[in-house]
Amino acid sequence: MRLSQMLFVTLREDPAEAEIPSHKLLLRAGYIRRIGSGIYAYLPLMWRVLKKVSQIVREEMDATGAQECLLPQLQPADLWRESGRWDTYTQAEGIMFAMTDRQQRELGLGPTHEEVITTIAKDMIRSYRQLPVHLYQIQTKFRDEIRPRFGLMRGREFIMKDGYSFHTNEESLKKTYQDMAQAYSNMLRRSGLQFRAVDADSGAIGGSGSQEFMVLAEAGEDEVLYTEDGQYAANVEKAVSMPADVEPSPFATFEKRETPGTETIDKLCKFLKCSPTQVVKNVLYQAVYDNGITVLVLVSIRGDQDVNQVKLLNELTKLAGNYQAKNVLFLTVPDAEAQQKWAAKSLPLGYMAPDVADDYIAGSKEVNSKFLRLVDRTAVELTNFVTGSNESGYHVVGANWNQEFPLPATVVGVRSAKKGDRAVHNPQQTLQSARGIEVGHIFQLGTKYSQAMGATYTSEQGEEMPFMMGCYGVGVSRLAQSAVEQSYDKDGIIWPVAIAPYHAIISIPNISDAQQVEVAEKLYAELNQSGIETLLDDRDERAGVKFKDADLIGIPYRIVPGRSLKAGKVEVVERATHKSHEILIDEVNSTLKQWIEAAIN
């Protein structure tokens, strides 16, 4: 492609809307253009990158025996109601674009396709003889993000590969799950990315085991906790660890003490000269279930620990049936305004005890009249501990479970693991922290959707059985931008060779120089003919402008037919290292082929 004929406009200044380096560079280099909030056009250079990423994804998926299809973006609300996710996606998470057609039928723009694919399997797969089946698509998805940001990282429209597998048993599902783990590792390795596979929370997708594939980058929205021995890695939402050892309590007898101005753990421990490991703090949450019932949740946890809201949400979802509900729509720490809607009297915030009375709640049809009391495992074994007294300005010391306070019946593991904690698999290992960009996620769904939607097959014994299912997603457009976030410098993008829009760019320093133009044209034709994708910068611009643009757009190799032409050579500059080579014109093709093959393989 000749740059003079391409839709190609670069910017010298960072756009005001862009927050992270990859977003700034993709806009400046003319790869994408913002059309609306979280909506971007993929311009010619970007589309070439996306096609290369998609091709790598296709090759790895096809190699596992998965079959490509294309599913509808418009999805009937009734399918999502069958699975129980319509309210979750349109109200709780609020990420689905919902609409009504002219016949007053409710529809959603697909953020994901579990319901559609399960319906297809329900209609078409009758017998165990047809299983396993694995279908995938590369499709535009839609999510109504509250705050679209970071360009293609968190847009409202994005390109994704999602796949779904159907099985007769867990053994078959786990085999495909492992195949996908390997395929995803291959995809990222072939794309030239540094990544880490980590244990993850299944979130609204559901299911049991799940694993995320994180591209390591400082701008990553996710925190990854891992051990140096390579034996453990997890998203902080899922991570587990061993908490610090409990320090001995300085209190031998139970008593109430005045503790003014100690509404935080730090202030309390300084005042009482005790360790936070000997404090039971009681944290209040407000959960709203999908049937409209509000439940006030009191979590008792060790004072040096924090509640992981994702883990807490999962525990509350397990208890949904106790309230005739299926899912939690909202989970928040209730502020003063929220408390006014259900509090019968002012709560002693900062001084609550595990047994704070239920009469603080003004029960109603919408609000459960009793606290749901949970205790984290870190607090269960504490003795002679410090906690609130249910009176502002006072705490109690030397307290014990089932003496001064009843131990809550429901014991949970909802603490947040953090950097520096000891690893569960080996206490000699401590957790390290890194930032990551989630580009892939694989799930063992089990029978969550097939049971909910009545999707069954006839087993070898003639029984109607629900499908075992798996789900596997890769963010194609997100992966492309994450490559930029991982690899750039002060001059611009440094694309991995495998997904760069072009392998080489020939920059003619002076288009008035007939010899420069002749050599450039010769190389341009020869390289493209031999499969080396090459741009020709034949614009009537100064050499400095051309070199800056070549660095900005990140093409791996820049060829300059300049002063070295007198010796029958051209200058070839490696974008990643800025290393310059003078190469004989007749050897440029073979040299670049060797470099490209080495970089890709």
Side-chain angles (χ1 to χ4, degrees), residues 174 177-189 193-203 207-249 265-266 269 275-281 299-315 375-382 411-444 482 485-486:
K174 285 185 175 179
Y177 183 82
Q178 291 303 321
D179 288 346
M180 285 299 99
Q182 185 60 57
Y184 277 38
S185 295
N186 294 346
M187 291 172 198
L188 294 170
R189 177 186 53 77
L193 299 173
Q194 291 181 300
F195 69 96
R196 192 180 291 273
V198 305
D199 292 341
D201 181 73
S202 296
S208 53
S210 80
Q211 198 171 32
E212 287 173 340
F213 292 79
M214 295 281 194
V215 171
L216 302 178
E218 282 303 311
E221 288 189 283
D222 292 287
E223 182 182 3
V224 175
L225 296 175
Y226 65 95
T227 52
E228 294 286 4
D229 64 2
Q231 297 301 304
Y232 184 73
N235 189 310
V236 71
E237 294 178 344
K238 179 78 171 180
V240 294
S241 64
M242 294 177 64
D245 291 335
V246 176
E247 295 184 26
S249 173
I265 296 295
D266 284 346
C269 291
S275 164
T277 65
Q278 271 298 342
V279 176
V280 171
K281 64 179 177 183
V299 183
S300 297
I301 190 169
R302 208 170 82 182
D304 63 326
Q305 303 299 317
D306 293 315
V307 175
N308 180 317
Q309 285 199 212
V310 172
K311 292 180 181 178
L312 177 58
L313 180 65
N314 291 338
E315 294 293 341
V375 59
D376 185 72
R377 295 188 190 100
T378 55
V380 171
E381 300 301 325
L382 294 185
V411 178
V412 293
V414 294
R415 63 175 285 270
S416 287
K418 58 183 183 293
K419 180 181 178 181
D421 284 350
R422 294 169 296 172
V424 172
H425 75 279
N426 179 0
Q428 301 302 313
Q429 293 281 320
T430 56
L431 297 186
Q432 306 298 312
S433 176
R435 304 303 301 181
I437 300 166
E438 180 197 341
V439 297
H441 204 156
I442 61 177
F443 304 83
Q444 294 179 49
S482 70
E485 195 60 47
Q486 191 174 83

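Side-chain atoms are counted along with the backbone in the values below, which use heavy atoms only and exclude waters and symmetry mates.
- Applying the 6.0 Å contact sphere to CD of Glu221 captures more than 12 heavy atoms from other residues, nucleotides or ligands.
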Check against side chain to side chain contact (heavy atoms under 4.5 Å, CB included), Val224 and Arg196: CA-CA 9 Å; Val224 175; Arg196 192 180 291 273; 4.0 Å; yes
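- Shown here are the salt bridge (charged side-chain N to carboxylate O under 4.0 Å, His left out) partners of Lys311, two or more places apart in sequence or in another chain: there are none.
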Verdict with reasoning, Thr227 to Leu431, per side chain to side chain contact (heavy atoms under 4.5 Å, CB included): CA-CA 5 Å; Thr227 52; Leu431 297 186; 3.8 Å; yes
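- The shortest non-hydrogen separation linking Phe213 to Ser185 is CE2-OG, 3.7 Å.
- Closest approach of Gln429 to Glu228, counting heavy atoms only: OE1-N, 3.4 Å.
- Taking a cutoff of 4.0 Å between a charged side-chain nitrogen and a carboxylate oxygen, Asp304 and Lys418 do not qualify as a salt bridge.
- For Ala197 against Ala233, the heavy-atom pair with the smallest separation is O-CB, 3.7 Å.
- Considering CG of Asn186 and CG of Asp179, their distance stands at 10.5 Å, rounded to 0.5 Å.
- Taking all atoms of both residues into account, the shortest heavy-atom contact from Pro243 to Arg302 is CB-NH2, 3.8 Å.
- Interatomic distance, CD of Gln428 versus CG of Asp229, reported as 11.0 Å (0.5 Å rounding).
- We find the OH-NE2 distance between Tyr184 and His441 to be 10.0 Å, quoted to the nearest 0.5 Å.
- In this structure, OG1 in Thr430 is found 10.0 Å from OH in Tyr226, a value given to the nearest 0.5 Å.
- With contacts defined as side-chain heavy-atom distances shorter than 4.5 Å, the pair Val439/Met187 does not qualify.
- Residue Met214 forms a side-chain contact (heavy atoms from CB on, under 4.5 Å) with just one option from Leu193, Leu188, Asp222, and that option is Asp222.
- Annotation: Gln194, atom CD; neighbour count of heavy atoms from other residues, nucleotides and ligands within 6.0 Å does not exceed 12.
- Of the possible donor and acceptor atoms, one in the side chain of Arg435 sits under 3.5 Å from a partner among the backbone N and O of Gly220.
- A side-chain donor from one of Ser433 and Glu223 sits under 3.5 Å from a side-chain acceptor of the other.
- No side-chain heavy atom of Tyr232 sits under 4.5 Å from any side-chain heavy atom of Asn426.
- Considering only heavy atoms from C-beta on, Arg415 comes within 4.5 Å of Asp421 through its side chain.
- In this structure, Lys238 and Val198 have side chains that are not in contact, with every pair of non-hydrogen atoms separated by 4.5 Å or more.
- Annotation: side chain of Asn314 is not in contact with side chain of Glu237 (no heavy-atom distance under 4.5 Å).
- By the 4.0 Å N-to-carboxylate-O rule, Lys281 lies too far from Asp376 to be salt-bridged with it.
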Stepwise side chain to side chain contact (heavy atoms under 4.5 Å, CB included) test for Leu225 and Ser241: CA-CA 10 Å; Leu225 296 175; Ser241 64; over 6 Å; no
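- Side-chain contact between Gln278 and Glu247: absent, with no pair of heavy atoms (C-beta onward) separated by less than 4.5 Å.
- Summarising the geometry, atom CD1 belonging to Ile301 is positioned 4.5 Å from atom OG1 belonging to Thr378; distances are rounded to the nearest 0.5 Å.
- If you take CD on Gln211 and CD on Gln444, they are separated by 9.5 Å, rounding to the nearest 0.5 Å.
- Of all non-hydrogen atoms in Ser300 and Ala379, the two that sit nearest each other are O-CB, 4.1 Å.
- For the pair Ile437/Glu485, a side-chain contact is recorded, criterion being any heavy-atom separation below 4.5 Å from C-beta on.
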